[in-house]
There are 2 protein chains.
Amino acid sequence: MDSARVTFVASGSPGGKTDWLIDRISAIVGGPLATAPRLARHDGVWLDTPPASTWVVRGVRSNIRYTTGREQQRLVAAQAELGRPTSTCAALIPIDKSDAWWALAQDERRAIFEDTSRHIAIGAEYLPRIARRLYHGRDIGAAFHFLTWFEYAPEDVGAFDELVGRLRETEEWRYVTREVDIRLTRSG
Amino acid sequence: MDSARVTFVASGSPGGKTDWLIDRISAIVGGPLATAPRLARHDGVWLDTPPASTWVVRGVRSNIRYTTGREQQRLVAAQAELGRPTSTCAALIPIDKSDAWWALAQDERRAIFEDTSRHIAIGAEYLPRIARRLYHGRDIGAAFHFLTWFEYAPEDVGAFDELVGRLRETEEWRYVTREVDIRLTRSG
């Protein structure tokens with residue numbers, strides 16, 4: 001067990017762990033992921049691909065890459081934990097960014113990420129309603145560069161749609177080469 | 001093959017790939033690595049641990065984490081490639097940093113790394129004599145958080161000793177919880 005790791009398994013079979021029912025999968029940029037009825041979130045492990053799975057994506061929580069100490073203090077004060085009983089809605093958004101993004105220097109990426117695109121500030125407007133956890137995948141050779149997992153109550157679906165809509169119009173998103181938007185409802 | 005990956009294999013047996021002879025292994029901070037006569041650098045792969053190996057360390061090249069665009073331009077203009085025929089000396093320096101380091105925000109780590117410790121500026125003084133490549137290990141669950149590989153000519157051994165000595169006196173190095181210094185000579 002390594003608490004930083006995660007594996008999301010989409011499957012069609014009702015057996016095994018099923019936390020979430022998949023409502024829909026939308027390809028926003030680039031290729032889609034196959035439709036499946038169920039998604040399990042395995043916290044703390046990189047699972048081998050189960051035989052009955054439709055697809056599997058893996059990630060790892062890492063240190064902060066852009067957020068300053070001052071920004072982080074505000075986020076920590078405002079944000080909510082995952083697993084709230086009222087959070088019966090979730091979204092998993094896997095993303096890839098272009099080679100041009102990864103070739104930029106640290107200050108160049110920070111300038112696009114926050115100074116221009118206000119990624120941190122926009123996300124903060126939706127705290128604590130939208131709980132969020134970021135996983136990295138590029139360095140581990142995973143299927144996607146980033147997986148972001150969101151949890152929220154049914155009455156905040158509109159707010160979540162607004163949040164992702166605003167981010168998709170930023171300069172940062174010009175560097176997104178693939179984005180899949182997976183919406184879920186808690187199982188049982 | 002993923003050109004970002006690397007596996008270093010230390011072994012005692014003369015069979016198999018052997019690029020470098022190990023002159024000495026010094027534990028600078030924390031636990032040592034076992035002594036072995038040979039080291040192979042396998043570029044582009046994460047090898048499973050070979051049966052005859054003494055130890056194996058793995059890493060991955062990643063995007064720049066602290067360097068600005070201006071600093072990067074100067075480094076690119078000054079630096080040398082690995083594999084120069086005159087670079088018959090090498091060093092492999094695996095490092096871990098503390099939880100306190102990893103909990104810092106991006107601007108806090110950058111401030112210690114460069115504004116206070118001048119890691120980039122000190123390294124740049126030794127270009128192009130000391131060629132350098134950084135691999136990351138923390139997010140992939142490797143044995144060390146960082147592996148830095150250095151190549152230089154025999155007449156630059158003193159300069160290399162000075163470089164690592166200066167870095168070890170910086171504020172950044174207060175966050176180093178383990179450091180092993182492996183010196184090598186090219187085989188054949």
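Chain A is the first sequence line, chain B the second, and so forth, proteins listed ahead of strands; every chain is numbered from 1.
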Between the side chains of [X] and [Y], is a donor N or O closer than 3.5 angstrom to an acceptor N or O?
| X | Y | value |
| --- | --- | --- |
| A:E71 | A:Y66 | no |
| A:Y152 | A:R132 | no |
| B:S62 | A:D139 | yes |

Chain A heavy atoms under 4.5 Å from B:W46: which part of the residue, side chain, backbone, both or neither?
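For B:W46, the side chain is the part near chain A, not the backbone.
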Is it the side chain or the backbone of B:R61 that comes within 4.5 Å of chain A heavy atoms, both, or neither?
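The answer is the backbone of B:R61.
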Which of B:L104, B:N63, B:T67 touches chain A most, by non-hydrogen pairs under 4.5 Å
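Answer, by heavy-atom pair count under 4.5 Å with chain A: B:N63.
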B:W173 and B:H119 aromatic ring geometry - parallel, tilted or perpendicular at 30°/60° bounds:
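Ring orientation, 0 to 90° scale: tilted.
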